[in-house]
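Down below is the structure, laid out as C-alpha cells.
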Amino acid sequence: MKFQKPKGTKDILPKDINKWHFAEKTVREVSALFNFSEIRTPTFEYTDLFNRGVGSETDIVGKEMYTFPDKGGDSITLRPEGTAPVMRAYVENSMSAEQPLHKLYYLTSMFRYERPQSGRYREHSQFGGEIIGSDSIYTDVELIMLAKEVYNRLGILNFKIKLNSIGKSDERKSYIETLREFLKSNINELSEESKKRFETNALRILDSKNPVDRKITEEAPKILDHLGSESRSRFDMVVNELTRLGINYEIDFRLVRGLDYYTDTTFEFISEDLGAQDAIGGGGRYDGLIELLGGKPTPGVGFGSGMERILMVAEKNGFEFPEPSKPKIYFIALNEDAKKTAFESMTELRKKNISCETDLLGRSFKAQMREANKLECLFVFIIGEEELKKNKGLLKTMSDGSQAEVEFNKIADYLK
RNA sequence: GUGAGCGUAGUUCAGUUGGUUAGAACAUCAGAUUGUGGCUCUGAGGGUCGGGGGUUCGAAUCCCCUCGCUCACCCCA
C-alpha cells in the first residue's frame with residue numbers, strides 16, 4: 001500500500017455518508033429551533049490566539065497542537081477547539097456593535113496531535129454552541145437544552161449530565177491554595193502527573209483517573225463550598241432551573257475542565273456506551289475570555305460536542321438512520337441511438353427533480369436489470385430498436401413487473 | 001510520549017507439530033438458447049500472507065527490525 005491516510009484521520013465513504021448527513025442536518029435544525037446562527041471561522045489561526053485564549057499551561061496548547069511556521073514565518077495552528085476562534089471573530093468583527101446578544105453555532109473539524117484511540121482522532125468533527133453577551137443563568141440552561149435535544153433526536157437518551165462550578169478567577173485562586181494546603185501532606189503519594197500539576201495547575205489533580213490520586217482527593221475540600229455567595233447562588237439557580245425543567249444531572253466536584261478560560265458553570269455529557277473517551281460533549285462559562293482577547297468585558301457560555309462520538313453512541317443504540325435516496329427510474333438502453341434518446345429523457349426528468357440512472361459500462365440487458373434491481377429503482381425504462389421505431393419506450397414497474405408503452409417525453413406523467 | 005494486543009483476497013475469517021499450485025463464505029463480474037430483475041445453479045477474476053532481514057532443505061507459521069491498526073494511560077469531543 002503506497003499511500004495511507006495520516007494517522008488519526010479517516011475517510012468517510014459513500015456507504016456511511018448518510019449517517020453524517022442526517023446528524024449534521026439534525027444539528028442545523030435544532031440550532032435553528034433555538035435561534036442559533038452558524039458562524040464559520042478559518043481552519044487555521046495564528047498560534048498566539050490559542051496560547052492566550054486557551055492557556056499555554058493546558059495540555060491542548062502545551063502538547064497537542066498542529067503548529068507550524070508558514071512561508072512568511074508566521075506561526076500557524078490548525079484549530080484545536082472552537083471557542084477561542086469564535087471569540088476572536090466576535091471581537092475582530094465588532095459583533096457586539098450589531099446587537100448585544102449573539103447565539104452562534106459551528107460544525108466543523110478540529111485538530112489535535114494525540115495518539116488515536118476509540119473515540120479520539122487527530123482530525124475530528126465538532127459541533128458547538130456559544131451564547132455571547134448575557135450572564136443570565138438561562139443561557140447556561142439553554143445550551144444544555146440545545147445539546148440534549150440534538151442527542152435525543154439521534155436516539156441518544158442514556159447519557160449523564162455532570163455539573164460543577166469553578167467560580168470566578170479570584171475565588172478559584174484562593175480555593176487552589178486551600179486545595180494545595182490539603183494535598184501537601186500527601187504530595188509524595190500523588191502520581192507523577194499530579195505532582196507536576198501541584199505547581200502548575202493543581203485544580204486538574206481533581207480529575208485524575210489515577211486511583212491513588214482519586215482516593216486522596218476524595219476527601220479534599222470541594223470548590224462549591226469555597227465559592228463566594230454570588231457564584232454559589234448563581235450555580236444553585238442553574239441547578240434549580242434544570243431540576244424544574246425535568247433535566248437529570250449530577251453534581252461532580254471533579255469536573256474542572258482542561259481549558260483555562262472557564263468560569264462558574266462547567267458541564268459535561270457522558271455516555272456509558274463509549275470506551276475511555278466517554279464525553280460526548282462539554283462546556284461551561286467563560287466570562288473573562290473576550291476581555292482577554294482584547295474585547296470589552298463580555299460574558300459568554302459555550303460547549304463543544306464530538307460528532308464521531310455522537311455517531312458511535314447512536315449506532316451502538318441501534319438508531320435507525322434514514323435510508324439514502326435511490327434513483328427512481330433506471331434507463332436501459334440497448335444500442336447507441338437508444339442511449340441518446342435515454343439521455344434526452346433523463347435530462348427532462350432531472351429538470352423535474354426526478355432522479356434517474358442508466359448504464360455507463362455497456363453491459364447486457366440482464367446485467368442492467370440486475371443493476372436496477374440492486375439500486376432499488378421503482379421503475380425501469382427500456383429503449384431498444386422496436387421502441388425507437390414506435391417512438392415509445394417500455395415503462396416497467398419493478399414491484400409487480402407490469403409494463404406499459406410510454407412516449408419518451410411523457411415519462412414523468414406515469415411516475416407516481 | 002508510555003504500555004498491551006493484532007496485521008492472510010474488497011469484507012469476515014480458516015490455514016493441523018514449519019512441508020508441494022494459500023482456502024471458505026459473502027461481495028464483484030460473467031453465463032444458464034436469441035430483449036427482462038429478485039431465488040437457484042455454474043463458472044471467473046482477485047492475495048509478493050503489512051514491509052524488510054534472518055534461521056531452515058523448506059516460513060503465512062519461528063526470531064529480529066520496521067510500518068500500520070486497535071485498545072488503554074495521558075488528555076479531551
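Source: prediction; values computed, not measured. Chain naming here is simple, since letters A, B, ... match the order of the sequence lines and numbering starts at 1 in each. Note: hydrogens, waters and symmetry copies are ignored here, and every other heavy atom, side chains too, is used.
- A/Asp11 places its CG atom 15 Å from the C1' atom of B/G10, with the value rounded to the nearest Å.
- Considering only the side chain of A/Arg309, B/C76 comes nearest among B/C74, B/C76, B/C29.
- Between A/Phe127 and A/Tyr105, a ring centre-to-centre spacing not shorter than 6.0 Å is recorded.
- Between A/Gln277 and B/C76, a side-chain N or O to OP1/OP2 separation shorter than 4.0 Å is absent.
- At B/C73, one or more side-chain N or O atoms of A/Lys209 fall inside 4.0 Å of OP1 or OP2 (strictly under the cut-off).
- Distance CZ (A/Phe331) to C1' (B/G37): 17 Å, rounded to an integer number of Å.
- Note on ring orientation: taking the six-membered ring where Trp is involved, the planes of A/Phe267 and A/Phe303 are tilted (angle from 30° to 60°).
- Rounded to an integer number of Å, the gap from A/Ile60 CD1 to B/A77 C1' is 9 Å.
- Across all strands, A/Arg257 comes closer than 4.0 Å only to sugar-phosphate atoms, never to a base (heavy-atom distances).
- Remark: B/U48 base-pairs with no nucleotide; criterion is Watson-Crick or G-U wobble with both hydrogen-bond distances under 3.5 Å.
- Residue contacts shown for A/Glu64 are limited to sugar-phosphate atoms, with no base heavy atom under 4.0 Å away.
- If you check every strand for non-hydrogen atoms under 4.0 Å, A/Glu123 touches nothing.
- Cation-pi check for A/Arg79 over A/Phe44 is not met; the charged atom does not lie both under 6.0 angstrom from the ring centroid and within 45 degrees of its normal.
- Residue A/Glu193 is classed as a sugar-phosphate contact, given heavy-atom separations below 4.0 Å to backbone atoms only.
- A 3.5 Å limit on both hydrogen-bonding distances identifies no Watson-Crick or G-U partner for B/C39.
- Residues A/Arg122 and A/Glu114 are not paired through a salt bridge, judged by the lack of any N-O separation under 4.0 Å between the basic side chain and the carboxylate.
- At the heavy-atom level, A/Ile382 lies under 4.0 Å from base atoms of the strands shown.
- Distances from the side chain of A/Gln403 to the nucleotides B/C73, B/A30, B/U36 place B/U36 closest.
- One can place NZ of A/Lys366 at 10 Å from C1' of B/G37, the figure rounded to the nearest angstrom.
- Phosphate proximity of B/G38 to A/Arg370: present, with a side-chain N or O under 4.0 Å from OP1 or OP2.
- B/U33 is unpaired under the Watson-Crick or G-U wobble criterion, no partner having all donor-acceptor distances under 3.5 Å.
- Distance, A/Leu388 CG to B/G35 C1': 13 Å, rounded to whole Å.
- Looking at heavy-atom distances under 4.0 Å, A/Phe303 makes no contact with the nucleic acid at all.
- Counting to the nearest Å, the P atom of B/G37 and the CG atom of A/Asp400 are 15 Å from each other.
- The shortest distance between the side-chain N/O atoms of A/Ser118 and the OP1/OP2 oxygens of B/C71 is below 4.0 Å.
- Taking atom CZ of residue A/Phe3 and atom P of nucleotide B/G51, one finds them 18 Å apart after rounding to whole Å.
- As judged by a 4.0 angstrom heavy-atom cut-off over every strand, A/Ile310 is placed among residues making no nucleic acid contact.
- Atom OG of A/Ser271 is separated from atom CD of A/Gln277 by 12.5 Å, given to the nearest 0.5 angstrom.
- The NZ atom of A/Lys160 sits 9.0 Å away from atom CG of A/Asp278, with the distance rounded to the nearest 0.5 Å.
- With rounding to whole Å, A/Met369 atom CE is found 13 Å from B/C39 atom P.
- Residue A/Arg115 places its side chain closer to B/A72 than to any other of B/U36, B/A72, B/C75.
- If you take atom C1' in B/C73 and the same atom in B/U28, they sit 43 Å apart, rounded to whole Å.
- Using a cutoff of 4.0 Å between basic side-chain nitrogens and carboxylate oxygens, A/Arg234 and A/Asp135 are not scored as salt-bridged.
- Using Watson-Crick or G-U wobble geometry with both donor-acceptor distances under 3.5 Å, B/G7 finds its partner in B/C67.
- When the nucleotides B/G68, B/G35, B/C75 are ranked by their closest atom to the side chain of A/Asp59, B/C75 comes out on top.
- Between B/U36, B/G68, B/A77, one nucleotide has an atom nearer to the side chain of A/Ala279 than all others, and that is B/A77.
- Taking only distance into account, the side chain of A/Arg120 meets the base of B/C74 through a donor-acceptor pair shorter than 3.5 Å.
- Between the P atoms of B/G18 and B/A59, the separation comes to 13 Å (whole Å).
- A distance of 3.5 Å separates CD1 of A/Ile132 from CE of A/Met87, quoted to the nearest 0.5 Å.
- Checking B/G35, B/A77, B/C76 against the side-chain heavy atoms of A/Arg204 singles out B/C76 as nearest.
- Contact annotation: A/Lys374 does not reach the phosphate of B/A27 (side-chain N/O to OP1 or OP2, under 4.0 Å).
- Across all strands shown, B/G1 forms a Watson-Crick or G-U wobble pair with B/C73, both key distances being under 3.5 Å.
- Proximity of the aromatic rings of A/Tyr66 and A/Tyr113 is defined here by a centroid distance below 6.0 angstrom, and this criterion is met.
- At the heavy-atom level, A/Lys63 lies under 4.0 Å from the strands shown only through sugar-phosphate atoms.
- Using a 4.0 Å heavy-atom cutoff across all strands shown, A/Gly128 reaches no nucleic acid atom at all.
- When Watson-Crick and G-U wobble pairs are counted only if both distances are under 3.5 Å, B/A24 pairs with B/U12.
- Looking at heavy-atom distances under 4.0 Å, A/Glu81 makes no contact with the nucleic acid at all.
- A sub-4.0 Å separation between OP1 or OP2 of B/G37 and a side-chain N or O of A/Gln368 is absent.
- Mapping A/Arg197 and A/Ser399 onto RNA chain B via the closest heavy atom, the residue that lands nearer the 5' end is A/Ser399.
- Taking 3.5 Å as the limit, the base of B/C74 and the side chain of A/Gln117 contain a donor-acceptor pair of atoms between them.
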